[in-house]
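Comments concern the structure below.
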Amino acid sequence: NKFNLINNLPRVEEMYNQGNALFFANMGHLDKPVNSSNWYGDTKAQLFSHSHMNEEQQYVDAFREAVGTGVMGRLLDVLEGKNYIVAPMGINGNAKALSGNPELARSVDVIPTTSLAEFYPQSVSSILDKQAMKGIFAHLNNRTTAESGLFGEHWSQAFVNAVDRRGILKTALDSVTLSQSYSGYAGGRLKMAAKILRSRESREVNRDAIYFTLGGHDTHFDTKE
């Protein structure tokens, strides 16, 4: 009836003691009930691999009924089908959990914990400022001829869209003021998640799906003999 909690999560301990948080222990991925004599032949997943278990908990799709999608992405698919404006967000990286139906063509915004840097922030010369450089980049990626390659056109349009999207996100996130202080490895991620949530109205989003990871919770090292 006792277990240990990593010492840099005092807030989680406080929430648990207040009855506002739960722990799920000894949870794993199984395709079907198995025992020590038949698990090897009857189990599709790599039960003793950290990376495979990580993927399975992002998919939550043991029988691959929606191949290539993650549990959070499928939730957003349902909400989008009900006319919600949704936004998948990955802090410090993308994740399989955020992948939805590819036919919806919904991209994932990746936000670092340090917030977004301005696109091409420096000036090249006294007569060519950063705004002029943005125009040059847009011109370089503009339509060239009627015979322009399909893949080149697609790449250029994706580039221009990404630059515009980055500017919108940066403006929205930089305008957020938080009353709660955050520190440490976990705090940086939680702080960015809070800023994303607080900027929802300015981004005109109804629902966000935010994914980030916290490592170092296994017991490979520093275990008792």
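Quick caveat, the model's predicted, so the values are computed rather than measured. Residue numbers run from 1 in the order of the sequence given.
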TODO: Decide, yes or no, whether a salt bridge links Arg165 with Asp109 under the criterion of side-chain N to carboxylate O below 4.0 Å.
DONE: yes
Task: Minimum side-chain heavy-atom gap Val12-Ile6 below 4.5 Å - done: no
TODO: Answer whether the closest heavy-atom distance between the side chains of Tyr84 and Leu76 falls below 4.5 Å.
DONE: no
Open item on the list: Membership question, hydrophobic clusters at under 4.5 Å side-chain separation (ILVMFWY): are Ile168 and Leu173 in the same one?
Closed with: no
Open item on the list: Taking Glu13's backbone N and O only, do any of them form a donor-acceptor pair with Asn17's side chain (distance below 3.5 Å, no angle check)?
Closed with: yes
Task: From Arg198 atom CZ to Thr177 atom OG1, the distance as rounded to the nearest 0.5 Å - done: 8.0 Å
Task: Nearest non-hydrogen partners of Val176 and Ser199, listed with the distance - done: CG2-CB, 3.7 Å
- [ ] Heavy atoms only: give me the nearest Asp61-Glu65 pair and the separation to one decimal.
- [x] OD1-N, 2.9 Å
Task: Side-chain heavy atoms of Arg203 within contact of Ile196, under 4.5 Å - done: yes
- [ ] Apply the test side-chain contact (heavy atoms from CB on, under 4.5 Å) to residues Tyr211 and Val108: give CA-CA distance (whole Å), side-chain angles for both, the deciding distance (0.1 Å), then the verdict.
- [x] CA-CA 10 Å; Tyr211 187 95; Val108 176; over 6 Å; no
- [ ] Measure across Val110 and Gly93 and return the closest heavy-atom pair with its distance rounded to 0.1 Å.
- [x] CG1-N, 3.4 Å
- [ ] Check the surroundings of atom NZ in Lys170: do more than 12 heavy atoms from other residues, nucleotides or ligands lie under 6.0 Å from it?
- [x] yes
Task: Partner of Met192 under side-chain contact (heavy atoms from CB on, under 4.5 Å), chosen from Thr114, Asn92, Ile210, Ile111 - done: Ile111
Task: Atom pair CG (Asn206) and CZ (Arg200), whose distance is rounded to the nearest 0.5 Å - done: 7.5 Å
Task: Met133 side chain reached by Ile136 side chain, heavy atoms, under 4.5 Å - done: yes
TODO: Kindly work out whether a path of hydrophobic side-chain contacts (I/L/V/M/F/W/Y, heavy atoms less than 4.5 Å apart) joins Met89 to Ile91.
DONE: yes
Open item on the list: What's the separation between atom OG in Ser99 and atom CG in Asn94, rounded to the nearest 0.5 Å?
Closed with: 6.0 Å
- [ ] Can you measure from CD (Glu80) to CG (Leu75) and round to the nearest 0.5 angstrom?
- [x] 13.0 Å
Open item on the list: Taking Leu214 as the starting point, is it possible to reach Tyr182 by hopping between hydrophobic residues whose side chains are less than 4.5 Å apart?
Closed with: yes
Open item on the list: Ring-plane angle category for Phe159 and Phe137, please: parallel below 30°, perpendicular beyond 60°, tilted otherwise.
Closed with: tilted
Open item on the list: Same cluster or not: Tyr59 versus Phe212, using hydrophobic residues (I, L, V, M, F, W, Y) connected whenever any side-chain heavy atoms lie under 4.5 Å apart?
Closed with: no
Open item on the list: Between the side chains of Asp77 and Arg106, is the shortest nitrogen-to-carboxylate-oxygen separation below 4.0 Å, so that they form an ion pair?
Closed with: yes
Open item on the list: Does Gln18, at its CD atom, have more than 12 non-hydrogen atoms belonging to other residues, nucleotides or ligands within less than 6.0 Å?
Closed with: yes
Task: Under 3.5 Å: donor-acceptor pair, side chain of Gln46, backbone of His52 - done: no
Open item on the list: Within a 6.0 Å radius of atom NZ on Lys134, are there more than 12 heavy atoms belonging to other residues, nucleotides or ligands?
Closed with: yes
Open item on the list: Less than 4.5 Å apart, side chain to side chain, heavy atoms only: is that true for Lys32 and Val34?
Closed with: yes
Task: Close side-chain approach of Val160 to Val163, heavy-atom, < 4.5 Å - done: no
Task: Distance in Å, Phe119 CZ paired with Arg166 CZ, rounded so as to fall on 0.5 Å steps - done: 8.5 Å
Task: same_hphob_cluster(Met53, Tyr40) at 4.5 Å side-chain heavy-atom cutoff - done: yes
Task: Heavy-atom side-chain contact between Ser156 and Asn142 under 4.5 Å - done: no
TODO: Could you grab the distance from atom CG of Leu190 to atom CG of Leu178, nearest 0.5 Å is fine?
DONE: 11.0 Å
Open item on the list: Given 3.5 Å as the limit, does a donor-acceptor pair link the side chain of Asn38 with the main chain of Asn35, or not?
Closed with: yes
- [ ] Quick one: do Thr113 and Arg189 satisfy side chain to side chain donor-acceptor pair (under 3.5 Å)? Show the steps, please.
- [x] CA-CA 6 Å; Thr113 54; Arg189 288 155 174 76; 5.3 Å; no
- [ ] Report, as yes or no, whether the 6.0 Å neighbourhood of atom CD on Glu204 holds more than 12 heavy atoms from other residues, nucleotides or ligands.
- [x] no
Open item on the list: Quick check: closest heavy atoms across Pro88 and Ser107, and the distance to 0.1 Å?
Closed with: CG-O, 3.4 Å
Open item on the list: Between Arg64 and Glu55 (salt bridge meaning N to carboxylate O under 4.0 Å), is one present in this structure?
Closed with: no
- [ ] Compare all side-chain heavy atoms of Arg74 with those of Val60 and state whether any distance is below 4.5 angstrom.
- [x] yes
Open item on the list: According to ring-ring contact (aromatic ring centres under 6.0 Å, His included), who are the partners of Tyr185, at least two apart in sequence or on a separate chain?
Closed with: none
